[in-house]
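See below for the structure under consideration.
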Protein chains: 2
Amino acid sequence: MNTGAGSSAQEPHRDIPEATVARLPVYLRALTSLADRNIASCSSEELAAAAGVNSAKLRKDLSYLGSYGTRGVGYDVDYLSYQIAREIGVTHDWPVIIVGIGNLGQALANFSGFSSRGFRTVALLDAAPQMQGRSVAGLEVRPFADLAEIVAAEQVSIGVISVPAPAAQDVADAMVEAGISSILNFAPAVLNVPAGVDVRKVDLSIELQILAYHESRKAAEAEETVDNDSEEGITA
Amino acid sequence: MNTGAGSSAQEPHRDIPEATVARLPVYLRALTSLADRNIASCSSEELAAAAGVNSAKLRKDLSYLGSYGTRGVGYDVDYLSYQIAREIGVTHDWPVIIVGIGNLGQALANFSGFSSRGFRTVALLDAAPQMQGRSVAGLEVRPFADLAEIVAAEQVSIGVISVPAPAAQDVADAMVEAGISSILNFAPAVLNVPAGVDVRKVDLSIELQILAYHESRKAAEAEETVDNDSEEGITA
DNA sequence: CCGAGTTTGTTCTCGCAGTCACAAAGTCCG
DNA sequence: CGGACTTTGTGACTGCGAGAACAAACTCGG
């Protein structure tokens, strides 16, 4: 009865809401943590607590994937982990390249969370001559000009940009040109990419500014409540 | 006529939607970029393009702050910049401490975007003895035990956590205990904090996994469209 | 001084996301 | 073997956010 877009065979889900997609990795991490503690099964309440969300929301999110729980019992940790990993698509490793091996790029290259969660850094690229050939996190830094060649050879579809803002758009253009269709951008710049290419942005100073806004309001409120007293007596 | 919560003198705004708050820093950056190019005024259309959003959304967002534009003309770049900065609360610098001076912590300490956008890193803390006294980004790494003392002395209300996941909750607890009320968390762990404390989370592997999900779907769709052809002929 | 043109600020509508509450479905004990 | 209990999965409701469209307000040229 849907918009007749074929293949209604064994995938009753499809079209998982974006908000849910963003939480699935959180659930996956919580499940991994439970598995590490040798917990074989858990209720939605427990898993929700471990993931830091509401249990109803968790159940609804999981229901988009299918019915992988058992009523009256809960979820099997390993089984659910696999199902989520399969849905996200991290049952096999994704090759990733990092462009811009400054402080942040080096930190990312060394970040174990990438390799342990379905991603494998296959190349580090930097345009600066003095970076060439240096070894970072066990990988040799290669010239930016090699981008297309590496992407083609390693079948890379995900790229990380950690260059200064002015260079970000050029790097993005080159990535798209080379065939990359998903970009994680750490540069504080707006990227223009053609349709079909996904960009996610991580912006450190924006996060801090959002905190600052709330902090300002907290301070203003605190001041307001003291306002009645009009304390100005530092004359003692 | 609002819910009579005092002080209806010269602040007609208050209660800015969270989604808008998250975009204000983006607008601020776009404005800064325009100012750097000596552009004194701009329309909502231009600013929206620079910030990568819809112009209607931009105008709506700005309207929460007040009427700082001129109909028929547009916005004065400097004036609007100041108003946004004032609303966010970054007209003066916020002192920030960073706990966990590993690869990521060092990258954050060296990140110029912090200092140039309303934040000043006042201390770097790490629990590891071998880190003590080392100089990173012009600051000496101090023992984690000094946390409370530093927070009190420098009036710090914002803390950054860049320690491994297992230590994150302990660090958060200590921060809250010391009086910090806003936390930017880079550790892949769920933090439990009391009400009144804001936590924002930046999780690198989650961002990648979200990209992977979309990438999987792209691959699946591509396969689907080729399915009709059933190309298996690599026999040549 | 006035009208045409431009751009903001706001209203309205639609869709997505979060939460509550409950029926369905399974387990476990007597 | 049956009933009480537990927990999932889902339907209904509410509220926020995005976008389109329009009225208000300002500028500028004659």
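Computed from a predicted structure; not experimentally measured.
- DNA chain C is contacted by Arg71(A), Val73(A) of residues 71-82 of chain A, taking any non-hydrogen atom closer than 4.0 Å.
- Residues Leu204(A) and Val202(A) have side chains in contact (heavy-atom distance under 4.5 Å, counting atoms from C-beta outward).
- Residues of residues 42-50 of chain A having a heavy atom closer than 4.0 Å to DNA chain D, listed by number: Ser43(A), Ser44(A).
- Here the CZ-CG distance, from Phe111(A) to Leu208(B), works out to 9.0 Å after rounding to the nearest 0.5 Å.
- End-to-end axis angle of the helix from dC1(C)-dG30(D) to dG30(C)-dC1(D), from C1' rotation axes over five pairs per end: 10° (rounded to 10 degrees).
- Listed by chain and number, the residues in a side-chain contact (heavy atoms from CB on, under 4.5 Å) with Asp93(B) are Arg120(B) (sequence neighbours excluded).
- Partners of Ala219(A) according to the side-chain contact (heavy atoms from CB on, under 4.5 Å) rule, which considers only residues two or more places apart in sequence or in another chain, do not exist here.
- Read 5' to 3', the first and last nucleotides of DNA chain C with an atom closer than 4.0 Å to a heavy atom of chain B are dT6(C) to dC12(C).
- In terms of modelled atom types and a separation under 3.5 Å, the side chain of Glu45(B) and the main chain of Ser55(B) share no donor-acceptor contact.
- Between Arg217(B) and Asp15(A), at least one side-chain N (NZ, or NE/NH1/NH2) sits under 4.0 Å from a carboxylate O, which counts as a salt bridge.
- By the side-chain contact (heavy atoms from CB on, under 4.5 Å) test, Glu215(B) is found to be paired with Trp94(A), Ser157(A), Ser181(A), Ser182(A), Lys218(B), residues two or more places apart in sequence or in another chain being considered.
- A donor-acceptor pair under 3.5 Å is absent between the side-chain atoms of Ser162(B) and the main chain of Phe186(B), judged by distance alone.
- Every residue meeting the side-chain contact (heavy atoms from CB on, under 4.5 Å) condition with Asn103(A), not counting sequence neighbours, appears here in chain and number order: Ala107(B), Asn110(B).
- Using a 4.5 Å heavy-atom threshold, the side chains of Leu62(A) and Tyr68(A) count as separate.
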Which atom pairs, one a donor and one an acceptor, fall under 3.5 Å between side chains of residues 72-82 of chain B and the rest of the protein, sequence neighbours left out?
| unit_1 | atom_1 | unit_2 | atom_2 | d |
| --- | --- | --- | --- | --- |
| Asp76(B) | OD2 | Asp78(B) | N | 3.3 |
| Asp76(B) | OD2 | Tyr79(B) | N | 2.9 |
| Ser81(B) | OG | Val77(B) | O | 2.9 |

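- The stretch residues 18-35 of chain A touches DNA chain C through Glu18(A), Ala19(A), Arg23(A), each having a heavy atom under 4.0 angstrom from the strand.
- The closest donor-acceptor contact from the side chain of Glu207(A) to the backbone of Lys201(B) lies at 3.5 Å or more, if one exists at all.
- Looking only at side-chain heavy atoms (C-beta outward), Ile16(A) and Tyr213(B) come within less than 4.5 Å of each other.
- Protein chain B contacts DNA chain D over a range whose 5' and 3' limits, counting nucleotides with an atom under 4.0 angstrom from a non-hydrogen atom, are dG17(D) to dT27(D).
- The nearest heavy atom of DNA chain C to Pro17(A) and to Thr70(B) marks one nucleotide each, and the one closer to the 5' end goes with Thr70(B).
- For residues 51-66 of chain A, the set of pairs meeting the salt bridge (charged side-chain N to carboxylate O under 4.0 Å, His left out) definition, not counting sequence neighbours, comprises Arg23(A)-Asp61(A).
- A side-chain donor-acceptor contact under 3.5 Å links Ser216(A) to the backbone of Ala212(A).
- With hydrogens and angles disregarded, a donor-acceptor distance shorter than 3.5 Å links the side chain of Thr32(B) to the backbone of Leu28(B).
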**Request:** Go through the steps to decide whether Ile97(A) and Ile180(A) satisfy the test side-chain contact (heavy atoms from CB on, under 4.5 Å), and finish with yes or no.
**Result:** CA-CA 10 Å; Ile97(A) 62 167; Ile180(A) 281 179; 3.7 Å; yes
